Amino acid sequence: MLPPKSFPEALMSSSTPYYLTAGPVAARFNRVVGWLARHGISLAGSAELSVRGRKSGQMQRLPVNPHTFEGQQYLISARGHSQWVRNMRAAGGGELRVGRKVRTFTAVEIPDDEKLPLLRTYLEKWGWEVNQYFKGVTAKSSDEEILAAAPDHPVFRITVRD
């Protein structure tokens, strides 16, 4: 009989897409950050994302860290192929809110081979918060290591509608 796999090995060998759900502490923290963004307080650039649920049709809300790179904005899923990612793929856009300022946007998913500079700069800015979801990959990791992690972290380029 083989010994059980460690948690990271089990994630890496799974045939299902990588998705790390929020634990109770992270879920409470996310609720607080989302509430703050809804009320006009952005923590280090955070905003509240609203995206229409692909099954319910209801707007789903959660805090995100919009990332700017070379003048364009992106949303990067540190936790992997989460519900908001699946909803974004179906909806093709959503809203970002900080207080009364609501920006409606369209979203286009970025292919894995184009993610390297986006993931590296995202990890440079937000690594203090998200490194734990990248299975040991950090901003200082090699290009090969970041590219190997790219399929686990969907990236969307967002274009704000005027």
Side-chain angles (χ1 to χ4, degrees), residues 7-8 11 14 16-110 115 117-141 146 149-162:
F7 180 67
L11 284 175
S14 174
T16 60
Y18 174 74
Y19 174 37
L20 187 59
T21 58
V25 173
R28 272 184 292 239
F29 178 75
N30 286 344
R31 280 193 294 277
V32 170
V33 173
W35 185 91
L36 289 170
R38 254 190 325 281
H39 291 84
I41 301 168
S42 173
L43 298 178
S46 64
E48 183 181 64
L49 169 66
S50 294
V51 62
R52 189 160 308 282
R54 65 196 182 284
K55 294 179 184 176
S56 72
Q58 301 296 312
M59 293 301 271
Q60 306 297 313
R61 301 182 314 195
L62 69 147
V64 292
N65 301 322
H67 180 61
T68 302
F69 179 76
E70 295 184 346
Q72 300 211 353
Q73 278 212 301
Y74 298 87
L75 294 176
I76 298 173
S77 179
R79 292 179 177 274
H81 297 266
S82 61
Q83 295 303 316
W84 78 258
V85 167
R86 296 168 191 182
N87 291 337
M88 186 69 68
R89 287 174 177 149
E95 298 175 345
L96 288 175
R97 172 187 297 273
V98 177
R100 293 182 184 190
K101 183 177 182 180
V102 178
R103 298 180 297 148
T104 303
F105 65 87
T106 57
V108 176
E109 191 162 0
I110 302 300
K115 293 179 186 176
L118 299 166
L119 292 176
R120 185 177 303 284
T121 56
Y122 178 77
L123 289 166
E124 285 170 356
K125 181 172 184 182
W126 294 102
W128 61 273
E129 182 183 354
V130 301
N131 274 350
Q132 63 198 5
Y133 309 124
F134 279 78
K135 298 187 267 187
V137 174
T138 70
K140 294 180 179 179
S141 294
I146 292 175
D152 290 339
H153 302 283
V155 176
F156 295 89
R157 181 178 47 249
I158 62 173
T159 304
V160 176
R161 297 181 194 154
D162 293 326

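Every value quoted in this text rests on a predicted model; they were computed, and no experiment measured them. The chain is numbered in sequence order, starting from 1.
Put simply, the side chain of Q58 reaches to within 4.5 Å of the side chain of Q60, judged on heavy atoms. In this structure, the side chains of L49 and L75 come closer than 4.5 Å at one or more pairs of heavy atoms. Looking at heavy atoms from C-beta onward, W84 lies in side-chain contact with F156 at the 4.5 angstrom threshold. Considering only heavy atoms from C-beta on, L123 comes within 4.5 Å of V137 through its side chain. Under the 4.5 Å side-chain criterion, counting only non-hydrogen atoms from C-beta, L96 is not in contact with V102. Under the 4.5 Å side-chain criterion, counting only non-hydrogen atoms from C-beta, E48 is not in contact with V98. Taking the side chain as every heavy atom from C-beta outward, V130 and Y122 approach each other to under 4.5 Å. With contacts defined as side-chain heavy-atom distances shorter than 4.5 Å, the pair R61/V51 does not qualify.
Side chain of R79 to backbone of T21: a donor-acceptor contact under 3.5 angstrom is found.
Put simply, OG on S141 and NZ on K135 are 13.0 Å apart, with the number rounded to the nearest 0.5 Å. Note: I110 CD1 to Y74 OH = 5.5 Å, rounded to the nearest 0.5 Å. To the nearest 0.5 Å, the span separating CZ on R120 from NZ on K115 amounts to 15.0 Å.
H153 has its ring centre less than 6.0 Å from the ring centre of Y18.
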Verdict with reasoning, F134 to L119, per side chain to side chain contact (heavy atoms under 4.5 Å, CB included): CA-CA 10 Å; F134 279 78; L119 292 176; 4.2 Å; yes
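Heavy atoms only, all atoms of each residue included: H81 and P151 are closest at NE2-O, 2.8 Å.
Checked for salt-bridge contact, E95 and R103 miss the test: no charged N lies under 4.0 Å from a carboxylate O.
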